[in-house]
Number of protein chains: 2
Amino acid sequence: MTTAPRPATERVRPDVGLRERKKLRAMRHIQEVALDLFDEHGYAAVTIERVAAEAEVSPSSIYRYFGTKEQLVLYDEYDPMILDMIDKEPAEVDPMEAIRRSISYIAKEILPGDEELIRRRMRYAWNEPAVRSGLVRQVEEAEAMIREGLARRTGKDGGDLELKVVSAALVGGFVAVLEYWHQTDYRDSLDAVLERAFDVLSGGLKLE
Amino acid sequence: MTTAPRPATERVRPDVGLRERKKLRAMRHIQEVALDLFDEHGYAAVTIERVAAEAEVSPSSIYRYFGTKEQLVLYDEYDPMILDMIDKEPAEVDPMEAIRRSISYIAKEILPGDEELIRRRMRYAWNEPAVRSGLVRQVEEAEAMIREGLARRTGKDGGDLELKVVSAALVGGFVAVLEYWHQTDYRDSLDAVLERAFDVLSGGLKLE
DNA sequence: CTGTCACTTGAGAGTCACTGTCAAAGGAGG
DNA sequence: CCTCCTTTGACAGTGACTCTCAAGTGACAG
């Protein structure tokens, strides 16, 4: 979500030095500690200060890394992945189909490995209002990017009503899928649920 | 001051006494004062304390009435109206059609009267992240109620995937409509934009 | 009208997420 | 090894939001 800190002077590859690796390691560690504490005492009862103490960093650093308390739960790297994949689909592919494929691919190939962690984080996304609205915000940003992708593919303007409606409906549907998946205790594979949802959406929201 | 005609016992309707009327009047007044201040100094720069002072109530009361700062902007009475209308549509009417009619009716008959105020409030909903997420939350509540309505009409369970996807896509589309309407400076009537959006949704999100 | 009851309001103190600043620490590059 | 510049931590706010308690004030009965 929050744009990465932009270095004043562009170095050659600011992404791979010791600094960057240290930062990523620290973030993973902090998130882990935070989730442990949240699991034990509840999200609301754990202060940032507490997390900072437990993770042995300063509260300032947590804010610099994550921006907000919700992001301690929500932070992950999937969104850019999906967008990247959509852009890599060949231009001839139908736009909706490109999205469908990309999301399915992630759901099938990447997520299963992290499923434990994902479930753990999802619980908060549906039980803590603050986390929930952070999730929605994140999804909205993804929506904007999907819309831009669709705009490029179709030649339409990004502010076009049709595009807005389509991408909003898509991400709305996606959130519904996550909610269903969560509430049915991850019974079916995410991919299977996604397929059913896509069918409903492209079938014109007909019920039955 | 003439005493209003007071029915002997009024236990049945605790909603119309002097207390309730005073409260509603106070809420309207506070919201007005708040919007004036926000317009003049910007949302973030105005504290609740300031609003309270200007409106001559205590900050505690503002929290009791509105709960959060965003609700000072977002509070209105349309949502229950729409839900009420949906429920009143005859049972034979196609569910989607019932929703479409109810929303259109409100957009056509009720909103134009308050359009000035609505626009004023919309500006904050799209420029202030906090207000925005409050709006989303409100819309999500409406979604839950729409879904229940659909469940009753179709005999499906409220947790059904199809139902979730349909209602989420609908409200997603609705938010997109509001955004489009706002960003195009309220050029077209809300009703007209809604019609176009409904067509896209029931056409299966086909682009072009 | 009047007293009692129950609900509402205001005052005040407290918590905590989040921000901005500044000096110190420590990688990056020569 | 040394200089630069980014990152870190310490610190001091700010303001949204919560809780509690005492005082005020409509509702209602007698």
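Proteins get letters first, then strands, A, B, ... in listed order; numbering begins at 1 in each.
Salt-bridge annotation for A:E54 and A:R50: present, with a side-chain N of the basic residue lying under 4.0 Å from a carboxylate O of the acidic one. Ion pairing between A:R28 and A:E32 fails under the 4.0 Å rule for side-chain N and carboxylate O. Taking the charged nitrogens against the carboxylate oxygens, B:R120 and B:D36 do have a contact shorter than 4.0 Å, which makes a salt bridge.
Atom CZ in A:R21 sits roughly 17 Å away from atom C1' in D:dT6 (whole-Å rounding). Computed from coordinates, the A:E49 CD to D:dG9 P distance equals 14 Å when rounded to whole Å. Rounded to an integer number of Å, the gap from B:K23 NZ to C:dT9 C1' is 12 Å. Rounded to a whole Å, the CZ atom of A:F66 is 15 Å from the P atom of C:dT19. Protein atom CG of A:L72 is 14 Å distant from nucleotide atom C1' of C:dC16, rounded to whole Å. We find that CD1 of A:I30 is positioned 8 Å from P of D:dG9, with the value rounded to whole Å. Taking atom CE on A:M27 and atom P on D:dT7, their separation rounds to 13 Å, with Å as the unit. If you take CD of A:E128 and C1' of C:dC16, they are 15 Å apart, rounded to a whole angstrom.
In the helix from C:dC1-D:dG30 to C:dG30-D:dC1, the terminal helix axes, each the rotation mapping four pairs' C1' atoms onto the next four within five end pairs, subtend 30°, rounded to 10°.
Minimum atom distance to the side chain of B:S61 is reached by C:dG10, of the listed D:dG26, C:dG10, C:dA28.
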Collect all protein-nucleotide pairs involving nucleotides 17-24 of chain D in which both atoms are nitrogen or oxygen and the distance is under 3.5 Å.
{"from": "D:dC17", "atom 1": "OP2", "to": "B:K69", "atom 2": "N", "distance (Å)": "2.8"}

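To the nearest 0.5 Å, atom CD1 of residue B:I118 and atom CG of residue B:L190 are 8.0 Å apart.
In terms of position along DNA chain D, the nucleotide closest to B:V46 lies nearer the 5' end than the nucleotide closest to the other residue of the pair B:L18 and B:V46. Sequence order on DNA chain D of the closest nucleotides to B:K22 and A:P59 puts A:P59 first from the 5' end.
Evaluated for a side chain to side chain contact (heavy atoms under 4.5 Å, CB included) with A:L163, the options A:L150, A:I146, A:D157 yield exactly one hit, A:L150.
A cation-pi arrangement is present between A:K69 and A:Y43 under the rule of less than 6.0 angstrom and at most 45 degrees off the ring axis.
Looking at B:V175 and B:R132, their side chains come closer than 4.5 Å, going by heavy atoms from C-beta outward. Inter-residue side-chain proximity for B:M85 and B:R101 is flagged as unmet; no heavy-atom pair is nearer than 4.5 Å. You'll find the side chain of A:Y124 stays beyond 4.5 Å of the side chain of A:E70, heavy atoms only.
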